[in-house]
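Hydrogens, waters and symmetry mates are skipped; everything else that's a heavy atom, side chains included, is used. All residue numbers in this chain count up from 1 along the given sequence.
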Amino acid sequence: NLPSSDVFSNLRSVFWGESSRICVSHTPVSRLSFPRRSIECKESRIGKLPIQVPENVTITLESQELKVRGPLGELSRVYPSEVKLERQEDGTIRVKKATETRRANQMHGLYRTLTDNMLVGVSKGFEKRLQLVGVGYRGTVEGNDLVLSLGFSHPVRMKIPDNLKVKVEENTRIIISGYDKCDIGLFAASIRRWRPPEPYKGKGVRYANEVVRLKEGKAGKKK
């Protein structure tokens, strides 16, 4: 049996490399450094496109806020710090990234599209169409309310926002128009939410260009 001092020395030689003549360096964890990879954000194909300002639209740019006024109405938007607006000498507007970060790259194309929608909205306007499909499904406009019969025990009454216009054709086609594309989409989605198209017969409220995939059902499987 080896003395206790010899055992300790043998263990120390195994762990610290004395027997194999390996030099072990002691480096504090705080001094370790790892190479940082720089994130290269490519410029958005949509965000780098210039925005044409219509002749009948007046724009006001103050710091991070943009105000546009046209024959149909007035809109304003405050932009985040990741993007900035610049008015060019030829009259166009460009949305640029203020910083080279991933979030700025995500915001670039988004706010370019939102800016273009503002200019088109106050000059030409937007519209969205809905279709009522189903026996007894119909809609009417009564004053400032849209009244829908969707198979419930009571009619659905929805208040029309002040900046939107709603028209019903042939009791089944709903046309929503206005100058704010976001408000048009929200109101159309709220109408569709009352009775989304069911997957067997397609009954419900659908967008005019929506394709509803129908299921076969139990009767079709027996055949």
Joint cluster assignment, I184 & W194, ILVMFWY side-chain distance < 4.5 Å: yes

Inter-residue atom distance Q106.CD - T101.OG1, 0.5 Å rounding: 8.5 Å

Heavy-atom check, side chain of L132 versus side chain of L130, under 4.5 Å: no

Side chain to side chain, K167 and V141, heavy atoms closer than 4.5 Å: no

Whichever hydrophobic residues join V135 through chains of side-chain contacts under 4.5 Å: none

Exceeds 12 heavy-atom contacts within 6.0 angstrom, atom CG of D90: yes

Pairwise distance OG1(T113) to CD1(I51) - rounded to 0.5 angstrom: 8.0 Å

Donor-acceptor contact below 3.5 Å, side chain Q64 vs main chain V83: yes

Closest heavy-atom pair and its distance - R112, P50: NH2-O, 3.0 Å

Transitive ILVMFWY side-chain link V156 to V133, under 4.5 Å: no

Side-chain heavy atoms of I174 within contact of L148, under 4.5 Å: yes

K84 to Y79, cation-pi by 6.0 Å centre distance and 45° axis angle: no

Close side-chain approach of E210 to Q131, heavy-atom, < 4.5 Å: no

Nonpolar side-chain network containing V78, other nodes, edges under 4.5 Å: none

pair L164-D180: side-chain heavy atoms closer than 4.5 Å: no

I191 side chain reached by I176 side chain, heavy atoms, under 4.5 Å: yes

Whether over 12 other heavy atoms sit under 6.0 Å from I46 CD1: no

Exercise: identify the closest heavy-atom pair between M158 and S190: CE-OG, 3.4 Å

Neighbour count >12 (heavy atoms, 6.0 Å) for atom CZ, R94: yes

L66 versus M118, closest heavy-atom pair with distance: O-CE, 4.1 Å

CZ on F126 to CG on N117, rounded to 0.5 Å: 4.5 Å

Euclidean distance, I175 CD1 relative to E169 CD, rounded to 0.5 Å: 3.5 Å

Heavy-atom pair with the smallest gap, counting every atom of L72 and G121: CD1-O, 3.4 Å

Test item: V68 and V53 side chains (from C-beta on) under 4.5 Å apart, heavy atoms: no

Criterion side chain to side chain contact (heavy atoms under 4.5 Å, CB included) against T60, the qualifying member of E65, R69, K67: K67

Derivation and outcome, salt bridge (charged side-chain N to carboxylate O under 4.0 Å, His left out), residues E198 and K201: CA-CA 7 Å; E198 53 94 16; K201 295 184 179 180; over 6 Å; no

R206 side-chain N/O to P197 backbone N/O, donor-acceptor pair under 3.5 Å: no

Backbone N/O of V147 and side chain of D145: donor-acceptor pair under 3.5 Å: no

Test item: T92 side-chain N/O and Q88 main-chain N/O as donor-acceptor pair under 3.5 Å: no

In one Ile/Leu/Val/Met/Phe/Trp/Tyr side-chain cluster, 4.5 Å: V166, L186: no

Neighbour count above 12 (heavy atom, 6.0 Å) for E55 CD: no

Minimum side-chain heavy-atom gap I160-L146 below 4.5 Å: yes

Pairwise ring pair (Phe, Tyr, Trp, His ring centres under 6.0 Å) hits with a residue in residues 162-190, at least two apart: none

